[in-house]
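Right, one structure below, let's go through it.
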Amino acid sequence: MHKVALIGAGRIGRIHARNIARHPRLALAAVVDPVEEAARALAAEWQSRVATLDEVLADPDVAGVVIASSTDTHLDYSVRAAAAGKAVFCEKPIDQDLARARTAADALSGARLLLAFNRRFDPNFQALKARLDGGEVGTLESLQITSNDPGPPPPAYVAVSGGLFKDMAIHDFDMARWLLGEEPVAVFAVGSCLVDPEIGRLGDVDTARTLLRTASGRLCVISNSRRSGFGYDQRIEAYASAGMLRADNVTETTVQAWTEAGAAADRFQNFFLDRYAEAYRREMDHFADMLDGSCSASVGYADGVAALALAEAAAQSLRSGQVVAP
Amino acid sequence: MQRIDVALVGAGRMGQVHGPNAARHPGLRLKYVVDARPGVAEAMAGRWQAGVAGLEQALADPSVGGVLVCSTTDLHLAHASAAVAAGKAVFCEKPIDLDVAKARQAQPLFRDARFLLGFNRRFDPHFLALKRRLDAGEVGRLEALHIVNHDPAAPPPGFIPTSGGLFKDFTIHDLDLARWLLGEEPCEVFASASCLVDPEIGRLGDVDTARVLLRTPSGRLCVISNTRRSGCGYDQRIEAFCSGGRLAADNVHTSTLVATTAQGALAAPIHPGFPERYRDAYRAQIEHFADVVHGRAAPAIGYDDGIAALALAEACGQSARAAAPVHS
């Protein structure tokens, strides 16, 4: 049983708390959050205790730290936890500032750090990746990643989010790197504010298309909207020399209603907590395996930096209207 | 219904689609087949009880009300111009020409012409239904568009040098669909293209895989996805993302058959190519042309649409070469 401390008792922290507490090889040793109320409630829910970050890092019994605090603390907490000899599970993004993220290279490049790009652990996308690598449809040529949120976040969130590319598209940049098998060498992004004018007033966009190109000429399009109008639209299509692999949306149930108006399928799973529930469990499994010593992190600090570099290149391309080399 | 005589100019690949559709139409009679290649016109004419004639003879015949221009692309403009000058209603295969400057030069001749440009996809019942429901506002306002247009297999390299290149030959369909559906003219074009399918296509200076981004003045975005070889049939899809949801026209399969085994469920393949996938569209197109010939309808797609699509295709080529967006 590996003792794991959770930093951050917010929305995503609560998901991880449940998956740690229910995991057969992990125990939720402590919950840390500056909002004491939140820490206490979550600790109570899973028969854990409240602690400070310093206490957790000084505790030799704590083997792993799950960092689910606000984005601006990810990098600092990761460095401190790694320095204390802990295995680290850190939520994405690694930071909002590329230059700052790169300053941690010495501290984090060799660390046991799992950067929680949850979509890599989604069983559908994992199957697509495995079959793509298996060569069943030949060599990959291009990729379409669709990632549309069900509805826009409150404007207050947008203001601190880092912008659409660093906050939302960063998942897709990681997916693209993971599937393309080559680093993108050119980034071109177009974006608009079509969903909520308030997002535009805050200097952000809510609708974007990003085109990535690799050295061998593979092409990738990423589609993002803050509001699909029909649920959480999460799809990947991989076009290869002998066909296509497609991972489609997941519906809430398989029930369909057929009437004279047509054949109606059920809704798509509404948001990430539902759509990626299994992915969150699997990434915690992977963290448990790391703590067992049976594997190293499949996605780490360098991946976080690379995805952030693509996000920054996309934002720069949007501003300049030009192609940017990440 | 009284039949009006039409002449088919060019009995090649597209002529073999349109000629029979015209001959079968109750309002049209295929009177002449024009094709300079030995035996080609004769074969088509014999099969459909038509005569063989030269272009001049067909255009000089006052009984001929309409001309279907299905010749090679380099002759579209000359043949269409001659037919318009002779006062005929004209159906012309896309593209209008490969040179936008040349096409613009001829524009005055076509101003009041009964001229229908053959962008067949606008007549596809699935895409028409999407357009109708989009315009009806059922899913709110359009924000972004995805057009997937993947050919089943690369054409023979011999076709490439005269094709005008991927953007003018192939993407031009999607550029027309984009204009039709976006409801605004794109003002920004960015294209990235590669040769990944057949190195021979690259040696001939063309590309076989491309993505195009279009942006309109109001900020609507459109992605066009092209490859010369899908590996899974003729992949033809449109998705329209709107403020209240999405409209999607998916591929049409060769049958509704699904084989379910321990390995999973295997649907019948999607249609293998354009003659099958757009069979209904080609018929509807000739229906519409018959209405134009009979004076019952004005052409739904005109010469100016051909120029606009061609200009966008040229912008795509320019953008891909420069690796920079092109503004219009």
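Excluded from the calculations below are hydrogen atoms, water molecules and symmetry mates; all remaining heavy atoms, backbone and side chain alike, are included. First the proteins, then the strands, lettered A, B, ... as listed; each starts at 1.
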Query - Residue selection (most heavy-atom pairs with chain A, distance under 4.5 Å) from B:E239, B:E188, B:R141 - result: B:E239

Query raised in the report: Rounded to the nearest 0.5 Å, how far does CG of A:L194 lie from OG of B:S243?
Result: 9.5 Å

Query raised in the report: Are there more than 12 heavy atoms of other residues, nucleotides or ligands under 6.0 Å from atom CZ of B:R13?
Result: no

Query raised in the report: Crowded around A:R131 CZ? As in, over 12 foreign heavy atoms under 6.0 Å?
Result: no

Query raised in the report: Rounded to the nearest 0.5 Å, how far does CG of A:D233 lie from CZ of B:F241?
Result: 5.5 Å

Query raised in the report: So how far is it from A:E141 CD to B:H150 NE2, rounded to the nearest 0.5 Å?
Result: 9.5 Å

Query raised in the report: Is it the case that A:S142 and B:R211 place a side-chain donor and acceptor less than 3.5 Å from each other?
Result: yes

Report task. Kindly check if the number of other-residue, nucleotide or ligand heavy atoms within 6.0 Å of CZ (B:R133) is above 12? Result -> no

Report task. Heavy atoms only, distances under 4.5 angstrom: which of A:G231, A:S225, A:G191 has the most pairs with chain B? Name it, please. Result -> A:G191

Query raised in the report: Which of parallel (below 30°), tilted (30 to 60°) and perpendicular (above 60°) describes B:F190 and A:F188?
Result: parallel

Query raised in the report: How long is the span from the OH atom in A:Y239 to the OG1 atom in B:T209, to the nearest 0.5 Å?
Result: 12.0 Å

Query - Heavy-atom contact with chain B under 4.5 Å, split by part of A:V190 - result: both

Query raised in the report: Just how far is it from atom OG1 of A:T139 to atom CG of B:L196, taken to the nearest 0.5 Å?
Result: 9.5 Å

**Report entry** pair B:R220-A:T207: side-chain heavy atoms closer than 4.5 Å
**Finding:** no

**Report entry** Proximal component of A:S216, with respect to chain B [non-hydrogen, under 4.5 Å]
**Finding:** backbone

Requested in this report: Using the side chain to side chain contact (heavy atoms under 4.5 Å, CB included) rule, take B:H146 and A:S223 through it: C-alpha gap first, then chi angles, then the decisive distance, then the call.
Outcome: CA-CA 9 Å; B:H146 282 189; A:S223 299; 2.7 Å; yes

Requested in this report: Grab the two heavy atoms, one from B:C232 and one from A:M244, that are nearest each other, plus how far apart they are.
Outcome: SG-CB, 4.2 Å

Report task. Mind checking the CG-OG spacing from A:L219 to B:S192? Nearest 0.5 Å is all I need. Result -> 5.0 Å

Query - Min side-chain heavy-atom separation B:V139-A:F230 under 4.5 Å - result: no

**Report entry** Residue A:A186 versus chain B: region with a heavy atom under 4.5 Å
**Finding:** neither

Query raised in the report: So which heavy atom on A:Q322 is nearest to which on B:A324, and how close?
Result: OE1-CB, 3.8 Å

**Report entry** Part of A:S241 lying under 4.5 Å from any heavy atom of chain B
**Finding:** both

Query - Any donor-acceptor N or O pair under 3.5 Å, side chains B:S194, A:R213 - result: yes

Requested in this report: Go through the atoms of B:C195 and report whether side chain, backbone, both or neither lie under 4.5 Å from a heavy atom of chain A.
Outcome: neither

Query - Pair B:R215-A:S192, side chain to side chain donor-acceptor pair (under 3.5 Å): steps then yes or no - result: CA-CA 9 Å; B:R215 192 184 149 88; A:S192 299; 2.8 Å; yes

